[in-house]
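What follows is one structure encoded as structure tokens, with my remarks underneath.
Below, read A as the first sequence line, B as the second, and so on, with proteins coming before strands; counting in each chain starts at 1.
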Amino acid sequence: MQKTEKAYTPKIIEKEAQDYWEKNESFSVTEDPEKEKFFCLSMFPYPSGSAHMGHIRNYTIGDAISRFQRLLGKNVLQPMGWDAFGLPAENAAIKNKIKPSDWTIENIKNMKSQLQRMGYAYDWKRELATCDPQYYKWEQWFFLEMLKKGIAYQDEAEVNWDPVEKTVLANEQVEEGRGWRSGAKIEIKKLEQWFLKITEYAEEILKDTDNLEGWPERVRVMQKNWIGKSEGMEFSFLLENQKSPISVFTTRPDTIMGVTFLAIAGDHPIAGELNKLNKDINNFLKNLDKTKLSEADIVKQEKLGINTGLFAIHPFSKEKIPIWIANFVLSGYGSGALMGVPAHDQRDYEFAKKYNLQIKQVIERGSTNITEEEAILEKNILINSGEFDGLDFEQALEAIAKKAGELHCGEKQTNYRLRDWGVSRQRYWGAPIPILKNSKGEIKEAENIPVLLPTDIEFSGVKSPLSEMKEFTQVTYKNETFVRETDTFDTFFESSWYYARFASFDCDKAMLDERAKYWLPVDQYVGGIEHAVLHLLYSRFFYRCLRDLGLVEGSEPFKNLLCQGMVLKDGSKMSKSKGNTIDPNNVIEAYGADSLRLFVLFAAPPEQSFEWSEQGLQGASRFLKRLWKLVQLHISKGIVKDHIYEDLNPKVKSLRGKTHRTILKVKDDYIRRHSFNTAIAAIMELTNTIPKEFLSKEATDEERASADEAIRSILIMLSPIVPHITHILWRNLGNTQAIIDEPWPDVMEDLLIEEIIELAVQVNGKLRTTLKVDRNLAKKDIEELVRNDTKMINHLKNKKVKKIIHVEGRLVNFVL
RNA sequence: GCGGAUGUGGUGGAAUUGGUAGACACGCUAGAUUUAGGUUCUAGUGCCGAAAGGUGUGGGGGUUCGAGUCCCUUCAUCCGCACCA
């Protein structure tokens, strides 16, 4: 066996390449008005301790895109940071008796070194951690701006209260209605909390969703559903013997004459009053509360109700309509009350059947295939509706809205499922909400920002330590005493604007400066689908608020969004609890970062989930070894560069054609399709195409030069995917400029066309044979060739050819 | 229930605009080299068939000279939302 002088040693060369990038600050960028900017961002991680395969996949995709854009000559910003606040730090603090801040800092250190070992092209000088006062100072400032504008406000909201630990629990700490540690039954408690008026932007955000062409369709659909716009009317029903009316929202105002009952939620004010007076209702509501705790099976529960004995007056017919309390009325949607139209709503129908309520049909039956047991849901002509008879939906809507207006009993209304965003968390490890209350209970801005989160604390886990710390809560300022807010922000608050801060990372005068206008919006955002709604919606909301403050331009923070699929093992997502994780560290140790990067990009298209495969990883590693050997062999035969091609050696022409067609295809795969797997396949194919004899001593200069051209192209094209090996091989080829500073290879148009093409020959659409012909061969010459082809003679014997279809450069089809 | 997506060899996947299905890999088979073994190299590999040929993209139907791709229908799997009035 022939021994190669230099073997492929990932451990050594990867370190070498990384040292080069660090020493030369290769990925440190500044604003350059001369160059087109490209801001590529991967969702920053929660520093949980160590990076998992999901992170590796996410960040490898982002890095490949960044490095490719750089080859195209753009000014590429790719930063990284840490979503450093959050519950796990508190849990770890309790478990390991370590301060949340120390735990977090340690984890960041760990994960950072992992990401560095992967060779990601981050501009580390912009690194940020959301638990850094220099970071959260500006979100406290931002919050106070929103307070001034009336976007932030206080209201009561329900929280999960653990009566044993005397603390508020997050939803994920409540398991089947019980506290995760105490096991105590969780109580729903109302607390004063801070909200942001995202609903004020709901319409704008919804409208703009359709224009997000660079976003996956499913994410747009999810966001639209989440906002949940529905148009209809609000009617108010006066109550017999009562002062305040009940208002109800409906999307089917055309069925107003079919109302036979009203239903209200258990916590509707009227239900609350009756609760005190009526024993049966009191019992009913008690039972409702019980079921409310087990959130999981609210869905399939039986429709239950109780008659209140009260009556409402139909606004048009003036008929008396019974009012029921029903468990299927949602308190949080609309006004917590609805008009029951059993004939035209399936739930109302079931409810009416169960409790023997009147069913009054007011819409004509259209299709006949509706059974007796179903409500008629379709929109059609109105009947049994007095003056509105004969109208269709649109006409009825107008007429009914007009009449309701005249009678002051209703108007057109738009409802959203989206509710204002509650940002208060009764937790320790988060950014303090910068608010003070004076002795009269009046709300004041904090005396100074940042309001620092004390990190020198004893953390027991029972209660947030903040409320216990007098030195934190008691403030004297300008001779007045105040009590400080002890709630902290929802961690989504930090992640809703971090992308912008990367642009102005070191600005200590403002939240953002002019640099934000240069870099934003993010040109390519890469992250998991699990953030399809909350994080991405909140970010779109914040970006508009930042816009309204004049800090950024445009309305959308993320121009293009790529949601990568999961990495599976044994058919399910890798997770610690399942014990099916693969530690990236072990993979890097055994195969090197390049093999890992190549494998995760080659295994599947980025949006798709893929199954971890040790053999696939080995395959990637094998290819890199082959590439290494190929380039070393090429170098050993002496490099012929800048050759002027004269001869028309068809093998040389063919290789050069292949090279240039591959350059074209790979660029398209990168830029338009983000289809790294096919790009890699095309590069492998080109690698396999280089004839052996071109790498031998006997090869002509022309052959050597065409091999050199192919190899150089391969290295540049692969460099975004496997940056270390390509960096070293590029240098081994004798280049003085680093491969990251090379431009994307030019495509020579006239080499793209193949002179000899393989033509498919079909009979009645079935492939019978193929022919190698000159590209420009005339149709009739092709036909002649086909008729004389030995294989075709049998197929055409004694048959009449009806028609011959030519598809230029592809096939010829004889129709018999 | 509503909405979205996906179904292609033994496996991951490719086929971008209706034009040679299975690129590129993995695995497997045979051979060579080396070795204790991994490694490396060569050839083959959708299925049936000795071959000619037939057949094949979840199932059924349709449009077309030609369908993995378009239309209808049906099944399966996955994801999201879920009593939203």
Side-chain angles (χ1 to χ4, degrees), chain A residues 1-2 4 216-226 228-230 232 234 248-253 255 262-263 298-303 326-330 332-341 344-348 350-351 415-418 529-530 532-533 565-566 598-599 602-605 607-620 622-623 625-626 629 665 668-669 672-673 675 677-688 758-771 791 794 802-816:
Chain A
M1 194 185 84
Q2 179 185 4
T4 36
E217 172 70 15
R218 60 178 177 149
V219 175
R220 288 190 281 172
V221 168
M222 279 162 83
Q223 294 220 341
K224 280 193 198 172
N225 290 343
W226 192 263
K229 179 180 182 175
S230 57
E234 189 181 58
V248 298
F249 175 74
T250 179
T251 52
R252 293 295 303 273
T255 63
L262 294 190
I298 278 182
V299 187
K300 289 269 167 194
Q301 80 184 349
E302 198 191 351
K303 289 186 179 31
N327 67 346
F328 66 93
V329 184
L330 300 173
Y333 186 76
S335 53
L338 60 85
M339 59 183 219
V341 187
H344 306 289
D345 182 285
Q346 192 58 29
R347 290 155 307 180
D348 297 350
E350 283 163 30
F351 192 74
N415 246 356
Y416 297 92
R417 200 185 82 106
L418 179 73
I529 189 74
E530 64 272 21
V533 180
M566 288 183 295
L598 181 61
F599 171 62
F602 185 55
E607 307 82 10
Q608 205 169 305
S609 294
F610 75 86
E611 177 77 21
W612 179 261
S613 154
E614 198 69 22
Q615 282 160 342
L617 175 67
Q618 280 168 14
R622 210 175 295 158
F623 171 73
K625 278 184 208 158
R626 246 185 4 244
K629 275 207 269 183
K665 184 206 165 33
D668 184 54
D669 280 353
R672 182 174 61 83
R673 307 206 303 159
S675 154
N677 56 330
T678 54
I680 293 165
I683 297 167
M684 287 176 167
E685 210 180 320
L686 175 59
T687 310
N688 297 341
E758 200 186 35
L759 210 58
V761 181
Q762 298 182 334
V763 175
N764 288 336
K766 276 186 190 165
L767 183 74
R768 291 304 174 188
T769 186
T770 57
L771 280 181
K791 274 191 171 173
N794 275 330
K802 276 194 220 151
K803 192 153 75 158
I804 299 172
I805 288 159
H806 289 266
V807 179
E808 205 186 329
R810 291 200 153 261
L811 62 79
V812 55
N813 185 13
F814 278 61
V815 184
L816 304 182

Worksheet item: With a 4.0 Å cut-off on heavy atoms, is E217(A) in touch with a base, just the backbone sugar-phosphate, or nothing at all?
Response: nothing

Discussion item. Please classify the nucleic acid contact of S613(A) as base, sugar-phosphate, or nothing, using heavy-atom distances under 4.0 Å.
Written reply: nothing

Worksheet item: Using a cut-off of 4.0 Å on non-hydrogen atoms, how would the nucleic acid contact of E685(A) be classed: base, sugar-phosphate, or nothing?
Response: sugar-phosphate

Worksheet, complete the sentence: The nucleotide from rG19(B), rC83(B), rG3(B) with an atom nearest the side chain of V221(A) is rG3(B)

Discussion item. Once you apply a heavy-atom cut-off of 4.0 Å, does R220(A) come out as touching a base, just sugar-phosphate, or nothing?
Written reply: nothing

Item to complete: Kindly say whether, by distance alone, the side chain of K802(A) makes a donor-acceptor pair under 3.5 Å with the base of rC65(B)?
Response: no

Discussion item. Let me spell it out: for each of R673(A) and L330(A), pick the nucleotide of RNA chain B with the closest heavy atom. Which residue's pick is nearer the 5' end?
Written reply: R673(A)

Worksheet item: So what does S675(A) touch, heavy atoms closer than 4.0 Å: a base, only the sugar-phosphate, or nothing?
Response: nothing

Worksheet item: Start at the 5' end of RNA chain B and walk down; is the nucleotide closest to A337(A) or to A760(A) reached first?
Response: A760(A)

Worksheet entry | Inter-nucleotide C1' distance (rG31(B), rC78(B)), Å rounded | 44 Å

Discussion item. Looking at the base of rU16(B), is there any donor atom on it, or on the side chain of R672(A), that sits under 3.5 Å from an acceptor on the other one?
Written reply: yes

Practice prompt. Would you classify F610(A) as touching base, sugar-phosphate or nothing, given that sugar-phosphate means primed atoms plus P, OP1 and OP2, and contacts are heavy atoms under 4.0 Å?
Written response: nothing

Practice prompt. Considering only atom C1', compute the distance from rU73(B) to rG66(B) and round it to an integer number of Å.
Written response: 23 Å

Worksheet item: When the C1' atoms of rA52(B) and rG59(B) are considered, how many whole Å apart are they?
Response: 31 Å

Discussion item. Is the phosphate of rA14(B) approached by N677(A) (side-chain N or O, under 4.0 Å from OP1 or OP2)?
Written reply: yes

Scan the side chains in residues 678-688 of chain A for donor-acceptor partners under 3.5 Å anywhere in the protein, sequence neighbours excluded, and list what turns up.
from	atom 1	to	atom 2	distance (Å)
T678(A)	OG1	D669(A)	OD2	2.9
T678(A)	OG1	R673(A)	NH2	3.3
T678(A)	OG1	S675(A)	O	3.0
T678(A)	OG1	S675(A)	OG	2.4
E685(A)	OE2	K658(A)	NZ	3.0
T687(A)	OG1	I683(A)	O	2.7
N688(A)	ND2	M684(A)	O	3.4

Worksheet entry | Nucleotide of rC83(B), rC24(B), rU40(B) approaching K629(A) most closely (side-chain heavy atoms) | rU40(B)

Worksheet item: If the P atom of rC28(B) is compared with that of rU34(B), how far apart are they to the nearest Å?
Response: 23 Å

Fill in: Closest to side chain of F602(A), choosing from rG12(B), rC65(B), rA14(B)
rG12(B)

Fill in: Side-chain N or O of N813(A) closer than 4.0 Å to phosphate OP1/OP2 of rU20(B)
no

Worksheet item: Can you tell which of rU20(B), rA85(B), rG54(B) lies closest to the side chain of R810(A)?
Response: rU20(B)

Worksheet item: Counting side-chain heavy atoms from CB outward, which of rC81(B), rU20(B), rU39(B) is closest to L767(A)?
Response: rU20(B)

Discussion item. From CD of Q618(A) over to P of rC28(B), roughly how many Å is that when rounded to an integer?
Written reply: 11 Å

